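Just so it is clear: chains get the letters A, B, ... in the order the sequence lines come, proteins before strands, and each one is counted from 1. From a predicted model like this one, the values you see are computed outputs, not experimental measurements. Keep in mind that the numbers below use all heavy atoms, side chains included, and drop hydrogens, waters and symmetry copies.
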Protein chains: 6
Amino acid sequence: MADKIAIFPGSFDPITLGHVDIIRRGALIFDKIYLAVGENANKNTLFTLEQRLKWLYDVAKEMDNVNVLSYKGLTAHFAKEFNAKYLLRGLRNASDFDYEKTISQLNHIVGEGLETVFFISHPAFSHISSSIVREIIKGQGDVSPFVPEKIHMDLKNNYYKN
Amino acid sequence: MADKIAIFPGSFDPITLGHVDIIRRGALIFDKIYLAVGENANKNTLFTLEQRLKWLYDVAKEMDNVNVLSYKGLTAHFAKEFNAKYLLRGLRNASDFDYEKTISQLNHIVGEGLETVFFISHPAFSHISSSIVREIIKGQGDVSPFVPEKIHMDLKNNYYKN
Amino acid sequence: MADKIAIFPGSFDPITLGHVDIIRRGALIFDKIYLAVGENANKNTLFTLEQRLKWLYDVAKEMDNVNVLSYKGLTAHFAKEFNAKYLLRGLRNASDFDYEKTISQLNHIVGEGLETVFFISHPAFSHISSSIVREIIKGQGDVSPFVPEKIHMDLKNNYYKN
Amino acid sequence: MADKIAIFPGSFDPITLGHVDIIRRGALIFDKIYLAVGENANKNTLFTLEQRLKWLYDVAKEMDNVNVLSYKGLTAHFAKEFNAKYLLRGLRNASDFDYEKTISQLNHIVGEGLETVFFISHPAFSHISSSIVREIIKGQGDVSPFVPEKIHMDLKNNYYKN
Amino acid sequence: MADKIAIFPGSFDPITLGHVDIIRRGALIFDKIYLAVGENANKNTLFTLEQRLKWLYDVAKEMDNVNVLSYKGLTAHFAKEFNAKYLLRGLRNASDFDYEKTISQLNHIVGEGLETVFFISHPAFSHISSSIVREIIKGQGDVSPFVPEKIHMDLKNNYYKN
Amino acid sequence: MADKIAIFPGSFDPITLGHVDIIRRGALIFDKIYLAVGENANKNTLFTLEQRLKWLYDVAKEMDNVNVLSYKGLTAHFAKEFNAKYLLRGLRNASDFDYEKTISQLNHIVGEGLETVFFISHPAFSHISSSIVREIIKGQGDVSPFVPEKIHMDLKNNYYKN
């Protein structure tokens with residue numbers, strides 16, 4: 001049977017414990033997972049692409065079958081290039097649902113059968129989002145309950161001093 | 001009995017097959033429908049007003065009772081000028097609902113009784129939105145499943161080559 | 001142009017001011033509206049079919065183009081018999097939406113193109129439902145803010161004394 | 001690596017094309033899937049357990065890795081007995097979401113880490129539910145657009161004549 | 001200033017840790033809280049009124065300002081008798097929202113200004129409901145993560161042996 | 001018992017009758033309420049901070065226990081400085097819910113137990129939002145049904161003439 005390869009697409013600005021939870025759960029189902037940062041020229045991110053990839057790499061290196069990449073253009077095109085038949089996504093709440101439904105139908109059409117597999121966030125993580133983490137960082141609050149240890153340390157040592 | 005005139009307001013950036021579905025269904029109920037592009041100085045659109053109007057016109061000309069217009073200011077004021085007692089809107093999913101409810105209550109008050117009539121999108125169209133079509137266009141994907149043939153051809157011939 | 005006939009299907013157990021609002025708004029769009037009480041053997045209603053039809057009739061007689069009927073079986077079959085190409089329904093809140101979407105798609109398929117036209121309840125009525133009115137009646141509360149005057153009087157004179 | 005076994009629990013009263021879609025998609029991800037009919041003494045079903053199992057079997061026999069079972073008691077206990085670490089479920093709309101979220105959290109706790117994997121229904125199936133199919137059957141409508149061919153034929157030959 | 005008295009109405013069949021969380025938070029805001037079990041002749045409960053009241057009492061006795069009562073009829077009428085100007089309710093997810101909104105508007109009207117104060121369930125409790133606890137009990141599963149210790153012990157000692 | 005102090009945080013761009021409704025209801029529960037305008041460097045507001053504070057002050061001065069402030073940084077940090085153990089928020093519809101749930105969980109964590117108390121908007125106000133009021137103002141419509149009298153007068157006398 002061919003390897004089951006999944007893409008977990010996102011901005012990861014920055015990666016949160018919510019993402020890590022979904023990655024861990026997906027890594028048990030798929031043979032290989034690519035954490036894939038979409039480079040979107042229009043989108044203003046708080047952290048540079050380089051920084052976001054580093055933090056993703058830090059998470060990925062602890063798991064055997066998880067890799068990190070960045071890509072340009074449509075997710076469905078990128079998935080095809082890497083022979084991935086699956087996208088991996090988390091659902092936190094009902095507000096996420098209709099958006100993710102729309103995007104997954106779109107990817108199914110543009111990606112010619114590309115499937116999206118969903119996990120629902122565990123309660124401990126369903127209130128965590130990158131946008132909220134960014135607000136806390138801007139407000140100089142403590143993000144340790146929301147992001148991996150390494151990111152928290154990096155933020156403490158470097159970012160806050162700017 | 002006076003003519004039943006409805007406005008279908010929107011950005012139509014660009015018009016999608018989802019819009020066309022709502023227009024066709026509305027055209028059977030109302031005596032006249034105006035497809036009305038709101039000119040909003042603040043809003044960045046992907047396509048020029050001229051281009052959007054052309055594509056709307058292309059759809060409208062195949063139906064007897066559908067016209068195309070652009071307007072400035074509040075939709076409710078515009079409706080009054082054209083003697084329209086109805087707005088026509090599509091609902092795709094529950095996420096649309098609360099927004100459309102709020103807007104329709106607002107138009108009822110500002111428009112002194114202006115009514116909004118809703119159709120729910122058919123399944124084949126409920127995942128289509130202009131914003132998703134724009135993303136696909138930017139990513140140079142194939143939008144033929146989402147927009148009228150004419151738009152797809154225009155995009156293929158002109159836009160992609162830029 | 002053929003008459004535009006709409007069915008407003010429901011249990012109307014009992015009819016509320018919320019229903020009346022939707023009927024009034026629909027009566028301006030359609031040439032004829034049938035208020036149609038589905039007789040469902042399995043469903044326990046608080047009021048008899050006869051009583052519900054009487055109260056509907058009381059509302060309908062004040063409008064030129066509104067009639068009252070009861071029916072058995074599928075709404076889509078009933079609509080066909082009466083040459084109705086439209087169903088009329090109100091949407092109160094997002095919780096209503098997914099249910100009504102499902103039912104309307106179903107009717108479109110079973111009814112071979114049968115359309116459903118929706119109004120969103122005005123704020124003054126969006127918290128009114130027959131099931132809540134029934135609870136108040138059972139609890140001997142005052143339902144005058146929720147039902148037509150006539151029903152309120154009938155309930156006061158007869159029902160409470162049982 | 002141990003086999004990835006998933007349970008698809010449900011009443012399947014009757015199985016619909018929506019279920020079949022989810023089963024097909026799940027069968028590509030999991031090594032084995034059990035379609036599992038919960039026997040719930042309190043619940044009134046339209047079809048007998050035997051009939052429901054037969055129709056499930058009819059669907060399952062066309063796929064290599066899909067089996068059919070019935071069970072009593074909690075889904076999480078049943079999953080443990082069959083060494084299944086996954087539940088498979090479909091999500092049709094936002095209304096499904098909060099319910100499925102609650103149930104999946106519950107199964108994660110009672111099932112000591114039991115995971116639920118979700119697919120979102122494709123548009124062609126998101127308006128199909130067993131409860132709606134039952135209503136159509138009771139109303140003697142045509143369910144061919146909603147259920148597998150075999151079920152439709154069985155219903156035509158036997159059930160309608162009662 | 002007059003005492004701020006709140007009613008927390010419910011079936012409490014049985015009380016869960018989710019209820020306890022809301023009670024604790026409410027007890028800091030209100031001078032007095034009545035946990036009020038609505039006696040509804042039509043509603044089949046798993047536990048007797050007496051049993052449910054006992055368990056509520058067990059929770060209430062650890063808090064200074066929380067009492068337990070049962071009542072018949074409308075909540076709004078009961079609140080008036082006890083001079084309570086507030087209802088206390090928890091919201092777990094978006095599905096709860098529209099229902100609670102409708103009920104709270106109703107109580108505001110029937111209760112002539114009766115207010116409902118809401119807390120949103122903490123993540124650790126938002127997947128707990130009495131109906132799910134009942135399912136687990138019927139399936140002879142372990143409900144210790146969902147109910148107060150005392151209830152869990154009672155269930156273990158008595159109920160399971162039936 | 002210590003004073004119960006609540007913060008009502010927001011942009012108030014501008015304050016609406018919906019806000020006023022929540023403030024009035026909150027003022028009966030809490031000993032003191034601070035209307036707190038978050039100064040967010042990134043956010044473009046229609047009205048200056050000074051103007052928004054003036055209008056808030058105009059509302060607050062009619063209530064004994066309501067004060068007005070502006071703050072920078074995280075709401076949770078600000079609440080701590082002012083010894084406020086509560087946030088006060090209104091919920092208008094299901095779309096608001098998941099957002100408010102996420103924010104309130106966040107504030108509970110960052111604010112070390114900071115509680116959020118919710119009222120659900122009354123029907124007369126649930127379609128009012130500052131963003132809609134801003135659209136009407138930009139479109140030179142009449143906002144008198146949506147904002148306090150004083151604001152409406154100010155807008156009429158000054159703003160429209162620009």
Side-chain angles (χ1 to χ4, degrees), chain C residues 11 13-14 16-22 42-47 89-103 118 120-149 151-152 155-156 159-162, chain E residues 7-11 13 34 36-45 49 69-82 84-85 87 89-118 120-121 126 129 131:
Chain C
S11 302
D13 184 33
T16 68
L17 292 179
H19 294 127
V20 175
D21 174 50
I22 301 297
N42 298 343
K43 207 173 170 180
N44 287 316
T45 57
L46 182 60
F47 297 104
R89 294 289 289 169
L91 291 166
R92 284 167 305 173
N93 52 45
S95 299
D96 279 0
F97 181 82
D98 283 319
Y99 174 77
E100 292 288 343
K101 177 173 184 173
T102 298
I103 298 296
F118 293 95
I120 293 183
S121 303
H122 287 310
F125 304 114
S126 63
H127 58 289
I128 304 179
S129 70
S130 291
S131 69
I132 276 176
V133 167
R134 290 194 301 272
E135 288 310 303
I136 302 176
I137 291 170
K138 286 180 205 164
Q140 312 210 318
D142 174 14
V143 294
S144 60
F146 306 113
V147 298
E149 172 77 6
I151 296 182
H152 170 55
L155 287 172
K156 216 167 152 185
Y159 191 84
Y160 290 171
K161 284 174 189 160
N162 289 339
Chain E
I7 307 282
F8 186 172
S11 301
D13 184 34
Y34 290 104
V37 184
E39 294 182 61
N40 187 331
N42 298 343
K43 206 173 171 179
N44 286 317
T45 58
L49 178 61
L69 282 168
S70 69
Y71 69 101
K72 286 178 181 127
L74 297 181
T75 307
H77 293 174
F78 171 69
K80 199 176 182 183
E81 268 183 68
F82 275 77
K85 302 252 184 306
L87 300 180
R89 295 288 291 169
L91 291 166
R92 284 166 307 172
N93 52 45
S95 299
D96 280 0
F97 182 81
D98 283 319
Y99 173 77
E100 292 288 344
K101 178 173 184 173
T102 298
I103 298 296
S104 69
Q105 308 292 13
L106 161 79
N107 280 316
H108 195 256
I109 295 171
V110 177
E112 292 161 12
L114 182 62
E115 281 279 6
T116 307
V117 169
F118 293 94
I120 293 183
S121 302
S126 63
S129 71
S131 69

task: Determine whether C/Ile132 and E/Ile103 make a side-chain contact, defined as any pair of heavy atoms from C-beta on separated by less than 4.5 Å.
output: yes
task: Could you pull out the closest heavy-atom pair between E/Ser95 and C/Ser95, with the gap in Å?
output: O-OG, 4.5 Å
Side chain to side chain, C/Asp96 and E/Asp98, heavy atoms closer than 4.5 Å: no
- line: To the nearest 0.5 Å, atom OG1 of E/Thr75 lies from atom CD of C/Glu135 at 9.5 Å
C/Val143 side chain reached by E/Val110 side chain, heavy atoms, under 4.5 Å: no
query: Just wondering, do E/Ile109 and C/Phe146 contact through their side chains at under 4.5 Å, heavy atoms?
result: yes
Test log, rule side chain to side chain contact (heavy atoms under 4.5 Å, CB included), inputs E/Thr102 and C/Asn93: CA-CA 10 Å; E/Thr102 298; C/Asn93 52 45; 4.1 Å; yes
query: To the nearest 0.5 Å, how far apart are CG in C/Asp142 and NE2 in E/His77?
result: 8.0 Å
